[in-house]
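Quick notes on the structure that follows.
We name chains A, B, ... by the order of the sequence lines, and we start the count at 1 in each one.
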Amino acid sequence: MVARVGRTVLVVEDDFSSLEVLVLLMRGAGLDVVSASDGEEAWAKLIAEPGIAIVVTDYMMPRLDGVGLCKRMQADPRFSALPVILMSATLRDRIENVPQVVSVFVKPLLFDDLLAKVQSVLAKLAKGEPET
Amino acid sequence: MSEPTHETHEPIVTERLSTGVQGFDVVVGGGLFRGAIYLVMGRPGTGKTTFGNQLCFSHAREGGRAVYVTLLAESHASMLKNLRAMTFFDPEIVNHGVSYVGAYKALRDDRLKGLLNTLRRVIQDEKASLLVLDGIAPTRAMAESDTALKEFIVELQVLGSMTNCATVLLANMTSADANGPEHTMVDGLVELAFERTSRRTYRTVEVIKFRGSGHMLGRHEIDITSAGLVVHPRTEDLLDAHLESHPQTRVPVGVPQLDEMLGGGLLSGTTTVALGFSGSGKTTLALQYLAAGCDAGQNALYFGFYEPPSYVLTTAEQLGLGLREHAARGRFGIVWQPSYEYGIDALLERLLREVRERGVRRVVIDGFDGVRLAAADPERTIRVVSAITNELRALDVTTFITDETLSPYGPEIATRVEAVSALFENLILLEYMTVGTELRRLISILKQRSSGHAMSVREFHLTSHGMQIADDAASAEEILSGFNVFGGKHLRRSRSSIV
């Protein structure tokens, strides 16, 4: 994997309130955050925002879901190395072997755990270490 | 299928946190849920602020961190000053487990978004696991629309869930006003209220909604004491109706002729009511019953409303009963309270606690009317007493209750509580008769469930050695055939004449 330069977190969530709160909490924790409410909007943000270093996305979303977003990123060399954290309320068998996915958080999740994972990924990226 | 390369974080397990409010966790089946949001409403004076602070201090004492956020409310200094009288208050915990934050400026300047961000900040900064927001009314007033308020509530709910922080909103309103988004969207709705009867004013709590757990319906009486709120769950809902039974033995009453009339004594675990007018000898018989138990090595309890402990012990002493000595040895106890002091649930909670703690096998409730007067809702009296007698039976306690009849003479025997005859296993009637100008006393057993008993009426006397019952029915026969009685009527009566 090739590390991208940047510290921005792209948060993708179709549930309005969850998205608002996640963004609020992440900004409160000192992170740069951009947000999108589905996979299609996230794809547009990825193209438009050069500093995105990690994607935190919901699985079930309208138009383009989280796994669909991952597959589209995988097919594009600009984003194929971008780590993804998936949030899901569903079972995890359908998201096996999506290479970008470094972690799956089954909801309800604890923000501190999610934040710790995001910060750990960002720290490794900053050191140029691959995220596995 | 190959193994996934990612790690998986399981969903958080929703834990419950104890409120520290005695009895409340019982009503909600085990405390508040971490990450859930609750609305506690009530008019001023119903105990919302005490409840909120009690939660905070209890939570901090158990190692959690609580934040009490005020909007347009009394100053923190004033609140803390008032809290100092409460035993749950601990100044050492303030700012080291319980923090007080004013958020009105954020609400006024940036409306609901500003307030939400402030709450987010205090939760993150303080690592709070309990948040109390005192004053939903200013939040509602500053909301641009109902939708904005709804968004705020949902976001607060999500914030609590993601940070595993229980949120309690305190609102100065009643369930009659409970039609806003804050009522429909929260995980739990609790109402604190005042209730008034002709006899007394009391506080209640009602859990209207509680997601994730069964809860006890209806209004439960509460007291605000120096220890904070104390909830008395409704006795009939609290006590298990399916209880184990014990093998029954005969329990001597302490009056040999009465034991003979009963077939050897009362059956253990049963409840007996001694019915009679004032002065008919109910308390004397009750004291003899208690003394007989203590003499036989059983722990006994007098639970009364009218005779203070010193009077009870002196009366027993005058009858030659050794209850004072038994009391000194811890075998005999007296619990006395004025009849208006407690609600019925608090009262019977007290009775059960004493019975359990003292290992009591014989209990006397001297004055069923005291229990009746404690019930704000008279319709509950029978249900509550039935639940208590079931519980006492399960504890193998043999209960003796005195109940005053409304008149000294027949032909009808009226009591203040309906259905007394159906409620209890055994009924003993003590009554007066006039023969010429002389008052005479008679005793009869109207009922002893699951056992035969003497069907004859006997005369008895109250002497310096207690109740002395005639060995046979001869003197009672003379009295009852004398015809010189109230209204000139013959006073033979049947069980069905109890009303």
Is there side-chain contact between B:E10 and A:F105, with at least one heavy-atom pair below 4.5 Å?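 No; the side chains remain at least 4.5 Å from each other.
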
Report the C-alpha separation of A:L109 and B:I12 in whole Å, then their side-chain angles, then the decisive distance to 0.1 Å, and conclude whether the side-chain contact (heavy atoms from CB on, under 4.5 Å) test is met. CA-CA 6 Å; A:L109 59 85; B:I12 53 169; 6.0 Å; no

Gap separating the [atom1] atom of [X] from the [atom2] atom of [Y], nearest 0.5 angstrom:
| X | Y | atom1 | atom2 | answer |
| --- | --- | --- | --- | --- |
| B:L116 | A:E20 | CG | CD | 8.5 Å |
| B:N164 | A:D112 | CG | CG | 9.5 Å |
| A:S17 | B:I153 | OG | CD1 | 11.0 Å |
| A:L110 | B:C165 | CG | SG | 11.0 Å |
| A:S88 | B:H9 | OG | NE2 | 13.5 Å |
| A:K117 | B:E7 | NZ | CD | 3.5 Å |

Residues of residues 27-42 of chain A with any heavy atom under 4.5 Å of a heavy atom in chain B: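 Contacts with chain B: A:G28, A:A29.
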
For chain A, find which of B:T14, B:V158, B:L156 contributes the most heavy-atom pairs closer than 4.5 angstrom.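 When all of B:T14, B:V158, B:L156 are compared, B:V158 has the most.
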
Does A:K71 NZ have over 12 foreign heavy atoms under 6.0 Å away?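 Counting neighbours around NZ of A:K71, 12 or fewer heavy atoms of other residues, nucleotides or ligands fall under 6.0 Å, so no.
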
Relative to chain A, which segment of B:Q124 carries a heavy atom at a distance below 4.5 Å: side chain, backbone, both, or neither?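 Only the side chain of B:Q124 comes within 4.5 Å of chain A.
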
What side chain to side chain donor-acceptor pair (under 3.5 Å) pairs are there with at least one residue in residues 141-150 of chain B, not counting sequence neighbours?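 For residues 141-150 of chain B: none.
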
Taking side chain to side chain contact (heavy atoms under 4.5 Å, CB included) as the criterion, tell me which of A:L24, A:L25, A:D113 meets it with B:M162.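 It is A:L25, the one option of A:L24, A:L25, A:D113 that forms the side chain to side chain contact (heavy atoms under 4.5 Å, CB included) with B:M162.
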
